[in-house]
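Worksheet: one structure, shown below.
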Number of protein chains: 2
Amino acid sequence: MSIEDKFDALFKSLSHRVRRRILDLIKDGPKTTGALCDKLKELDRCTVMQHLSVLEKAGLLVVERRGRERWNHLDALPIHDVQKRWIGPYATQAVEMLQDLEALAQTVESDVQRTVDQPERSK
Amino acid sequence: MSIEDKFDALFKSLSHRVRRRILDLIKDGPKTTGALCDKLKELDRCTVMQHLSVLEKAGLLVVERRGRERWNHLDALPIHDVQKRWIGPYATQAVEMLQDLEALAQTVESDVQRTVDQPERSK
DNA sequence: TTGACATGTTATATTTTTATAACATGATTG
DNA sequence: CAATCATGTTATAAAAATATAACATGTCAA
């Protein structure tokens, strides 16, 4: 599985609100599939299991089998890779954009000031 | 558009490798649609434009029209929201997991030490 | 050991996404 | 102003994701 495949799977798994909700549900501790289905009453159990398997393939969810129960654990480590490759660098970009905007605002401001000091002749 | 719709659109737009490649292409400055198509020769021009519109709907791409050209600018600001709601908190979780692992490793280590000091009788 | 229970598997219908084709428009340039 | 160029629009085919149904398996507990 290439690195691009990995990011495909990660972002795709985060792109559905039900799966994001599942992540929140197991964030503070593992839950059984049954417990998750109870919280997601609007969905068929099979649908929930499909979402779980999407999360598992992306590496965000790890399954521990205990008797007839399946405990779904969060593994947040892959999120680190997303942070390093995509979020961090682009967040930096966003900050630079804001700084550019500030600089632009100051330029405009001083332009206005100069115009007040030395009004241009009308054309 | 709800906040969930927004995250749906953001993660979905990041979940295709072609769109991530486009983001990288416009990261250091805007490019025309034509220039982007040149870099993505394996794809039909229409396909590229569809990807651009997905990015635009997610708010990651802003279009500036100049004559008959279309300049595609990156807007990285929405990435900030992703960072705040999804990456930051889950990265924290990941760090906690690593710390738990370390603690566990130390426990095991001292167990081993204790066992060496006071060997258990075989069963 | 038998019945209820939690989960797993396979198949399939529906919807959405991705890729392309064909045609259209409006700007630039000689 | 006519030809070319960059882009836009609409339609459609193909692939993938989502939701559900029907049936299967292994576990626990009385």
Once you round it to whole Å, what is the distance between C1' of dA6(D) and CG of N72(B)? 12 Å

Is a salt bridge present between R21(B) and E42(B), judged by a nitrogen-to-oxygen distance below 4.0 Å? yes

Could you tell me the boundaries of the chain B footprint on DNA chain C, defined by atoms under 4.0 Å from its heavy atoms? dT17(C) to dT28(C)

If the helix axis at each end comes from five base pairs, how far does the helix from dT1(C)-dA30(D) to dG30(C)-dC1(D) deviate from straight, to 10°? 30°

Check whether more than 12 heavy atoms from other residues, nucleotides or ligands sit under 6.0 Å from atom NZ of K57(A), and answer yes or no. no

Nearest heavy-atom neighbours spanning A58(A) and L10(A): O-CD2, 3.7 Å

Which of V18(A), L43(A), D38(A) passes side-chain contact (heavy atoms from CB on, under 4.5 Å) with V48(A)? Answer is L43(A)

Can we say R70(B) and E64(B) salt-bridge, meaning some charged N sits less than 4.0 Å from an Asp/Glu carboxylate O? no

Joint hydrophobic cluster, V54(B) plus M1(B), side-chain heavy atoms closer than 4.5 Å: no

State whether D24(A) and R17(A) are salt-bridged, where the test is any N-O pair (Lys NZ or Arg NE/NH1/NH2 against Asp/Glu carboxylate O) under 4.0 Å. no

Spacing between K12(A) atom NZ and dA16(D) atom C1', to the nearest angstrom: 8 Å

Within this structure, what is the CZ-to-P distance between R70(A) and dG26(D), rounded to whole angstrom? 17 Å

Full working for side-chain contact (heavy atoms from CB on, under 4.5 Å) between L23(B) and L55(B): CA-CA 9 Å; L23(B) 290 183; L55(B) 287 168; 3.9 Å; yes

L14(A) CG to dA17(D) P, in whole Å, measures 15 Å

Return the residues of residues 18-53 of chain B meeting this criterion: a heavy atom under 4.0 Å from some atom of DNA chain D. Order them by number, or give none. T32(B), T33(B), G34(B), R45(B), C46(B), M49(B)

Could you tell me if K12(B) sits above the aromatic ring of F11(A), with its cationic atom closer than 6.0 Å to the ring centre and no more than 45 degrees from the axis? no

K84(B) side chain near P89(B) side chain, heavy-atom distance below 4.5 Å: no

Residue K39(B) excluded, over 12 heavy atoms near NZ under 6.0 Å: no

Does R68(B) or S15(B) map to a spot on DNA chain C nearer the 5' end, using the closest nucleotide for each? S15(B)

